[in-house]
4 protein chains.
Amino acid sequence: MAPDQVISSIKDAELVAKRRQQMIQGAVSLFKEKGFHRTTTREIARASGFSIGTLYEYIRTKEDVLFLVCDAIYEQVKTRLESVIDWWNPSVATLEQVVDSYFRLMDDMQEEVLIMYQEVKSLKKETKDYVMQKERDMVTMLEKVITTCLPEVMSNQDVALAANNMFVQGQMWAFRRWMLQKQFTLETYISRQTHFLLQALSINAASEEKA
Amino acid sequence: MAPDQVISSIKDAELVAKRRQQMIQGAVSLFKEKGFHRTTTREIARASGFSIGTLYEYIRTKEDVLFLVCDAIYEQVKTRLESVIDWWNPSVATLEQVVDSYFRLMDDMQEEVLIMYQEVKSLKKETKDYVMQKERDMVTMLEKVITTCLPEVMSNQDVALAANNMFVQGQMWAFRRWMLQKQFTLETYISRQTHFLLQALSINAASEEKA
Amino acid sequence: MAPDQVISSIKDAELVAKRRQQMIQGAVSLFKEKGFHRTTTREIARASGFSIGTLYEYIRTKEDVLFLVCDAIYEQVKTRLESVIDWWNPSVATLEQVVDSYFRLMDDMQEEVLIMYQEVKSLKKETKDYVMQKERDMVTMLEKVITTCLPEVMSNQDVALAANNMFVQGQMWAFRRWMLQKQFTLETYISRQTHFLLQALSINAASEEKA
Amino acid sequence: MAPDQVISSIKDAELVAKRRQQMIQGAVSLFKEKGFHRTTTREIARASGFSIGTLYEYIRTKEDVLFLVCDAIYEQVKTRLESVIDWWNPSVATLEQVVDSYFRLMDDMQEEVLIMYQEVKSLKKETKDYVMQKERDMVTMLEKVITTCLPEVMSNQDVALAANNMFVQGQMWAFRRWMLQKQFTLETYISRQTHFLLQALSINAASEEKA
DNA sequence: CATGAATGAGTTTTCATTCAT
DNA sequence: TATGAATGAAAACTCATTCAT
């Protein structure tokens, strides 16, 4: 479960998990405040509650911290999103429910989403790919929800597009909050975006059917 | 027009403009490649064709360069977008035309869009606000196009939301290219997004009218 | 016999000897590879087959390891050299035999000789003196061999010089191998050096006799 | 002349030469005192009379300093040795003169010779090869002197061996001073070594001639 | 006796910025 | 105006050593 791309000199796996948990917590709050590049490893150590030497017993490089953080965020989003989907009763209402939950999740995790958006690029290719795969997985999950919950048959491309849009619109609530959160409450934002989404989808489907 | 937030020791305004032009050009290509933080001022000076000493005659801090770059990018996007809008013949076709142009513009400026998305946060509040105002202006412009071109009457909120969605979907083509550009050509992306957008809007309008 | 300059917290002397044996073996192969300074105590512990904590039960500082290693090497050289000398039948042939054995010994222990040459200086005065005394002992031994085996009477100085030359020429085979071992096989090297040595000595003796 | 393996960010070549001269001087005295590994770059900078930042304008890594130092030492030895050889009047007396000068040179540069012997190994292969080539050149020079100055014809191997012996015996005066300089004055050392050398060579030649 | 997690002083290196020429 | 040498604070990372278990 723990990303073992990151090598630790500590043998006790449980301890590694615990310390990394502390580390992620400390680092996230620092990254929120000042970004990855402006945060020093010493600050991370201090915020995690241990010494710089100890920090480096659990990671190899500063980038490892970023990776751990990004991975943890994705994992959290993914877990929470999965827990909400009721695969057994597919219906438009279910879809609406998922959209609602997802948007609320994004609201909860605004800062974390920002970190992802702005810092993932600093990961080196290998680890970036790993993290992005998780994002792909989530979009795929949304695609499945859409396909399952909507009665109309849609092209794969349209499903993909809708899932992407929905995914980004959720994030948009976080990374454009300076703009949106002046004009919208979370409730109206969810409601109007859901409305748009469903109208676009059903009509789209309907019009495609006729054609 | 030139952002005079940034103070220069040089008197000759024309020269300042010229040197900053060189600077922006050099810096953009470096930021594309390695991001703001990993680019050094020496590299910027070299890429701009002058010495580090000269660089500092035209700016006060490294952040100034970032500001100049961000500002220039926004200015460029804004100018090109404005040039395309035909305010005198509002119609759905005009709207479609604007969407098309905007998406193609985003395609052209993928790298620059990425810089914006990932580096603006490194600006200090004051200058960040300045740059974001430009983004606000652009969304406002899109809102006007929507209001003007669509026959139906929509709530301000829905217009704002549609404009934001459209704006972000354009950017999404750039910052999610690793995902989207495997599945879509630019043409199909534009076509399906336009389709979704219009269906959502008109249906939305229609349904609101009835209500 | 075991260098008790180095203090251990462990009481059981036999165990101390055993562990230090492991330690020396591990350290020598590491020092050969990367030198004393570039080798870490953790690596030494691992190569010795126990933990870093255990390592420090048997030594006080990293330098102690170096001392132990140097001491062991000298001890080994000394022992092997002593074992070869036949004090009961002094003759030029015996001398030749000693030279031959010594050079072959140096050939066997090239890496160890290199460690000595390059790292002894890192010992602190006290321990360095201890180690160097062993070197002095060996030269003295060679002096005795020379005096005993050669019929001619030589000045103490000349004997000392000859012993030193011989000693260094043996080491030279190791630390100048990049140069010598392209031009000489061990056999020719031994043969020519022996030739030089004997000619110098006898002639010298002869000439001195005359004088 | 200056080793341009080592890259500097400073353009003014003269300045580079001057600063490196300062650097070498500072570093040599530190290396003499505590060796390469125990000397910090900050100490080198201070001893050179400039800041740590400036130090790094003239080199890339700490190892560069070592290379510069080793190179300078060799260059100095080589130059001084060359200057002493009188190629126009080859004779045994000339050979003796060269030996004498070389041994005195080694006496002058004892500390530097020690640095070479103990630290060259820390250079990376590439630069080590470069430095060692200089040593090879010097031995070659000695070989030429021997061949030219001695009337007898010797095998190449014997010439090479004699040159190596002579070379190492000079260095031996430096790196075994703790042993030798108690028993010998420089003068007696030179005189006896010369004696040995010549006797070995001529007799050798003589004996070979007979054979 | 053995272990290995914790520590933090110390090391090399970078780089934004200044200022004399 | 233009240059580029000089600066030093700050950063990432290492590693000998300790000590609780």
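By convention in this document, chain letters (A, B, ...) are assigned in the order of the sequence lines, proteins followed by strands, and residues within each chain are numbered from 1.
Partners of C:Lys34 according to the side chain to side chain donor-acceptor pair (under 3.5 Å) rule, which considers only residues two or more places apart in sequence or in another chain, are C:Glu43. In this view, B:Arg42 and D:Glu57 satisfy the side chain to side chain donor-acceptor pair (under 3.5 Å) rule, not counting sequence neighbours. Residues passing the salt bridge (Lys or Arg N to Asp or Glu O under 4.0 Å) test with D:Asp12, sequence neighbours excluded: none. For D:Lys32, the salt bridge (Lys or Arg N to Asp or Glu O under 4.0 Å) criterion is met by D:Glu112, not counting sequence neighbours. For B:Thr61, the side chain to side chain contact (heavy atoms under 4.5 Å, CB included) partners are B:Glu63, B:Asp64, not counting sequence neighbours. For B:Lys124, there are no side chain to side chain donor-acceptor pair (under 3.5 Å) partners two or more places apart in sequence or in a different chain. Residues that satisfy the side chain to side chain donor-acceptor pair (under 3.5 Å) test with C:Gln118, not counting sequence neighbours, are absent from this structure.
Contacts with DNA chain F (heavy atom under 4.0 Å) in residues 37-44 of chain D: D:Arg42, listed by number.
For residues 10-34 of chain B, the ring-ring contact (aromatic ring centres under 6.0 Å, His included) pairs, not counting sequence neighbours, are B:Phe31-B:Phe36. Applying the ring-ring contact (aromatic ring centres under 6.0 Å, His included) test to pairs two or more places apart or on separate chains, those with a residue in residues 44-72 of chain C are C:Phe67-C:Tyr130.
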Taking N or O atoms only and anything under 3.5 Å, show me the protein contacts with nucleotides 19-21 of chain F, one pair per line.
none

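With a 3.5 Å limit on both pairing distances and Watson-Crick or G-U wobble geometry required, the stems of 3 or more pairs in DNA chain F span E:2-21 with F:2-21.
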